[in-house]
Every structure is written in C-alpha cells, then in structure tokens.
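To find a chain, count down the sequence lines: A is the first, B the second, and so on, and within it residues start at 1.
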2 protein chains.
Amino acid sequence: MSDVGLSAELVAVVLAVDDGHPWVLAAGEPPALPAGPLRVEEESLQAGVREFAREHSGFDLGYVEQLYTFADLGRSSDDRRMVSISYLGLTRAQIAGSVRPTDWSALYDLLPWEDRRHLDASGADRLGEEIERALRRWSIGSEERLDRCRFLFAYDERPWRPDLALQRYELLWEARLVAESPSAGSISALTAGPMLHDHRRILATGLSRIRAKLQYRPVIFELMPETFTLLALQETVEAIAGQHVHKQNFRRAVEVQHELVEPTGEVSHETGGRPAKLYRFRGSVREERAQVGTKLPLPR
Amino acid sequence: MSDVGLSAELVAVVLAVDDGHPWVLAAGEPPALPAGPLRVEEESLQAGVREFAREHSGFDLGYVEQLYTFADLGRSSDDRRMVSISYLGLTRAQIAGSVRPTDWSALYDLLPWEDRRHLDASGADRLGEEIERALRRWSIGSEERLDRCRFLFAYDERPWRPDLALQRYELLWEARLVAESPSAGSISALTAGPMLHDHRRILATGLSRIRAKLQYRPVIFELMPETFTLLALQETVEAIAGQHVHKQNFRRAVEVQHELVEPTGEVSHETGGRPAKLYRFRGSVREERAQVGTKLPLPR
DNA sequence: ACGGTTAATGCTCATCTTGAGTAAATGCTG
DNA sequence: CAGCATTTACTCAAGATGAGCATTAACCGT
C-alpha cells in the first residue's frame, strides 16, 4: 500500500433554499466550497461532513449523501495525490438573517445557465443565446459535437433535462466556455471568474444529483421549514430544478402521494390572495424507508 | 493534511452475463472482489480500474462507473484508515470458455435472495420463505422494522423493487442474517459464508446501481455481444434484474426506442423454434450522449 | 409429406399517467 | 361591495404500461 504522497479531504456541497432563492455554501476569492482534511479520528465520513458543515455554517444538515471521489492526478498544484471525497448536504438555513450570510453564494451566480425559470414568460435570454452561438461555432465540422450540444442544451425542439447539469458543465469546459477551462476563451461573463480547483465541477455534480433524486425521492423536504404552503413547496422545487412546473399538476402529484404531506389545519395569509392551507410532511416521510418510492414531479 | 495512517485502494465490481447467467469477478476463500492499492502514477482512477480489470480477468471493461467510497474506521483489521474507492465495470466476457473461469463467481450465489426468476412459475421458494419467517420474527414489537421489511422484501402484496438490493442487504445485515453480521445468527445457508471485509456490501451496491441505471439508460448493451436476438437481450436484462419481464412488452419497448437497435438482416437458428432476427446496437447508442434518455423496461 | 413442438412476431384492450387548460372558491383591499 | 390575487377543484386528450390472444415460421421425428 503506497501511501506516500497521498492525502484526503472532504468537500461539501451544502444547499439551502430561502424563499425561492437557492444558495450554496461557498465563499472566498476565488470562491471555494468548504473543504477540509479527513481527520483520522472520525468514525464515519458522513458524521465528519455534518460536523464540518456545522462549524462552517452554523446550520445542521438534514440530509447528507456522498457524491463522488475525485482522485485524478493534476488536480492540485503540488505533486501529491489529493483524494477529494465530496458530499451533498441539504439544510433549512435561512440565509438572509443568518450569522454569516456572506458564507453563501447564490447558486445560479455560479452556474447561471442552469436557471431557466425566467424563460417561459418573456423570452429574452441573452446568456442562453450567447452560449448557443458559441457552442454552434464550436460544433462546426463535427456532427457529434453538434448532437451533444443539441441534446444537453435542448436546441432544435429537444426537451431540457435539468438533471444533466454535470454533463452541461463538462461540455462547456471542453468548449472552453467556463473560466476553469484550460486556456479559456471566456465568453462574456458566463461564469464571472474561476472557482477554486475543480469546485465548480463538484458543484455541478451536486446539482445534477439532487435534480435527479428529486424525480424519485422527496428530498426537498430537507429544504423546507416545519410547515409550508403548497406554493412554497413548489417554489422550492422550482428553485432546485431551475424550471417552472405546472401548478395544478404539481398539487395533484403531491396529493396523490398520500403519505407525503398532511394539512396542519392552519392557513397562511402571507400571499395576498386566497389564504393557503399550511402543510407539514408526514412523519413517515422523515424515515428513510418511506422516502424511497415517493416522489415529486420534475418537468421534462 | 494528516496522511499518516491513510491508505487507498480500488475495489471493482465487474459483471458479465453469459447466456442468461450473471457472473461477478470474485474468487478466493473467503471470496473477495478484485482490489488493489491506488498507484501513485495512475493518471485517472477510471483508467486504473480498467487496467486492473484487464490484468485480473483478461477482459476489457466496456463501461466503468464509480460506485462509492468507503472510508469508515474499523473496516479493516489493522489500525490505519483504509479508503476504498469502488467501481462498477461491465464486460462482454464469456465465462465458460475463458482463460481462468474460476476467477468468476455466480452473482446470485453471493446474493441468493436477489434472484427471483424462478418465482412466477412453480412457487416453491424455500429461501424466500425462510427469510420472511426470520424477518418477521426480527420485527416483532417494532412496527418500523416490519414496515421496512414489507417494503424491501415485497411482503403483503407490495411490489418488489429490484434496485433496492443494497437496502435489502443492509436490512439482512442488521437482522443478523448474513454471514458478515456481527455475531451472525446465520440462517441456514443464506449466504454460504462470509466474503472478505465488506465486499458483499460493495457487491450489493453495484447490483443496486446497475439495476437502477437499467431503468433509464441502456447499459446492458455493454454486456451483449456484437449481434444478438431480442430474446438474448431480454434474458440478459432478466439476469441483471433478477426477474422475468413480459416478452411482448419488452419487444415493444425496444422497438419504440428507434435509435436503440437495428436488424442486421441475419437470423439465428440456435433456439429451435422459429428463427430469430439478429440485431445490433446502433452506433449512436455506443456514444455517451445518446445513452442518456433511452431505456429498457424493468418490471415493477 | 405431415402433424407436433418451439419460438418469434403481430395486435388488441383496459388502465394509469401526464400535460394542459377551464372554472369556481375564498379572503383581502379600497 | 366590487375587484383582485391566489388557492383549489375538475375535465380532457394523448401517451405509456401491463396483460393476454392469435398468427407465423422454422424444426423434428415419423
């Protein structure tokens, strides 16, 4: 076992949604995800990540899941092999009034093309059009590249698949459109500036994962407060999915999964119109076993 | 960065299906998955796994995917922290006539309860009934345990979900029904004997992963020879899923995905009855981009 | 050549699921 | 009280899914 030149760290993608705005724990210049050495004493990695996130953000993680282990050479500047074990964590943090709000970054500032919530209405999508022009230019002469762009970025009437965030990042990286690309051509302010090491890739991995998971497991409840209206639930899903969903169908999907939520009996008058019933997640959802098999809809 | 007492290894779950029989690269006493130290020179882990599998089995891996990284303390016998990065690999190996057939184990000898292909017909399922009795005994007095058993093992008319193989293993482990459980009660020949370290858990992780993947990506083609009949394709899916599927519906699903396979024009007379058309996968499927979005059916 | 056997292949049908839209209900505000 | 904003209740067509019946095409032994 050659452990010379080997070191390991934990990297966390910690997500929170505050009133429809998705946030990720990331700060600094260049922006970096929270990361730290793997301590030898730690019993389990999972527990290590939780402790680590609490120290960093002051919030408890409701949900923790391993993402991916990066260990390729050339990831770090020095000549040792760095093994990064990355985790996804979800929390109910309220960013606005939190202790250190500057620890958080707006998720879609770091991955702007992944937010398409503005699309249905108006239509002006400067960034999207700029990316499309750049990608089509990059694809000239390669049918394969063109197909890949069409598929991932939903050109030519193809459906947009939210869960392909990682593949999109990798494509943009290859096409030299993100700041981290080797000799990046840096298209306008696509990503503002580089993130530390390969942290943006790790972030994209986390976003892909939670979006995929949303389709077959109700992980959003880890992002919701104790009680909430159905609209608030929907907006949280939309914040993660980066897309709007059909309101009536969303409600139907939620209600069909009896076992998922139950009305508290209270109503909320916050929104101005007809007051909305407040709901809470049923106890059974909070236990692992029932989570598998219930789901919330993601649009195609 | 504390790298004292830290070492890393690769562990591979390499699967192959030969004429409807699923195999996994695992040998020795106790049986062990192929594993080896992470070499410092290796550029990428993925490449390391491929090379490693070629050395061990003589076969090339068509598909490689990272599974999970195990790094909890107490996994190994000595007092260092062992980080195991596990991978799933698929290959077209033909076990019977291979160089070292004894390197392979029949998949369902190691996870017998995951094969339910015999169920529809006869009905005699000694192992299943034995497990059910043991689990119900274990659940006495705990509604939560009972619910979990019912859900994972499809008791009381619940549907069997092939992709929950890992969760089932973990449940059996808790219930002390597998050989690796601490102070195992060892129910009959449930698992014959322990596997090395936590290798059976890693194997179950791999099985869960490929079964889940099958539902939204046509990964089976990595297990098929160049040309094949639709029945052969179906039997390979069934081997991995551990379940039979409705023949006509399976064909419909395959044909509907027009991008997936195309007839070669040849026919096979191997089976005795009406000769079957031979098919091959379309070129587009072999490239990453098209794989996302096509799928084969798994029964509920 | 012939009836029997074994699969492959073609078609139908009821049921669910999904996407999308219309309309009614409810409480607040000026 | 009228108008407004939003929640909530239904409807409908299209597509996907699960299950079964019927037909066709080869081979096999006699």
For B:Glu266, the salt bridge (Lys or Arg N to Asp or Glu O under 4.0 Å) test, sequence neighbours excluded, returns none
To the nearest angstrom, the NE2-C1' distance between B:His246 and C:dA14 comes to 14 Å
Per atom distances to the B:Gln248 side chain, the nearest of C:dC13, D:dC21, C:dA20 is D:dC21
To the nearest angstrom, the NZ-P distance between B:Lys277 and D:dA26 comes to 11 Å
Sorted by chain and number, sequence neighbours left out, side chain to side chain contact (heavy atoms under 4.5 Å, CB included) with A:Ser208 holds for A:Ala165, A:Leu166, A:Gln167
Mind listing the N/O atom pairs, protein and nucleotides 28-30 of chain C, below 3.5 Å?
unit_1 : atom_1 : unit_2   : atom_2 : d
C:dC28 : OP1    : A:His269 : ND1    : 3.3

Separation of D:dA16 atom C1' from B:Glu255 atom CD, nearest Å, is 16 Å
note: A:His244, atom NE2; C:dA20, atom C1'; distance rounded to Å ~ 17 Å
B:Phe228 meets the ring pair (Phe, Tyr, Trp, His ring centres under 6.0 Å) criterion, sequence neighbours left out, with B:Phe281
* Asked: Considering only heavy atoms and no angle criterion, is a donor-acceptor pair shorter than 3.5 Å present between the side chain of B:Arg252 and the base of C:dG10?
  -> no
Taken in chain and number order and not counting sequence neighbours, the residues that satisfy salt bridge (Lys or Arg N to Asp or Glu O under 4.0 Å) with A:Arg150 are A:Glu143, A:Asp147, A:Asp156
query: Do we get A:Arg158 above A:Phe153's six-membered ring, with its NZ or CZ under 6.0 Å from the centre and within 45° of the axis?
result: no
Axis-to-axis angle for the helix from C:dA1-D:dT30 to C:dG30-D:dC1, ends of five pairs each, to 10°, equals 0°
Between CD of A:Gln257 and C1' of C:dT17 the distance, given in whole Å, is 12 Å
Taken to the nearest whole Å, CZ/A:Phe250 to C1'/D:dC10 is 19 Å
Sorted by chain and number, sequence neighbours left out, side chain to side chain donor-acceptor pair (under 3.5 Å) with B:Glu170 holds for B:Arg201
The ring pair (Phe, Tyr, Trp, His ring centres under 6.0 Å) partners of B:Tyr279 (sequence neighbours excluded) come to none
Regarding the side chain of A:Asn249, the nearest nucleotide among C:dG19, D:dA19, C:dA8 is C:dG19
note: A:Leu278, atom CG; D:dT6, atom P; distance rounded to Å ~ 17 Å
Is the distance from OP1 or OP2 of C:dT9 to the nearest side-chain N or O of B:Arg251 less than 4.0 Å?
yes
Atom CD of B:Gln234 and atom P of C:dT9 are separated, to the nearest Å, by 12 Å
Can you confirm if the NZ or CZ of A:Arg116 lies within 45° of the ring axis of A:Trp160 and under 6.0 Å from the centre of its six-membered ring? yes
Residues at least two apart in sequence or cross-chain that pass ring pair (Phe, Tyr, Trp, His ring centres under 6.0 Å) with B:Tyr68, listed by chain then number, are B:Phe70
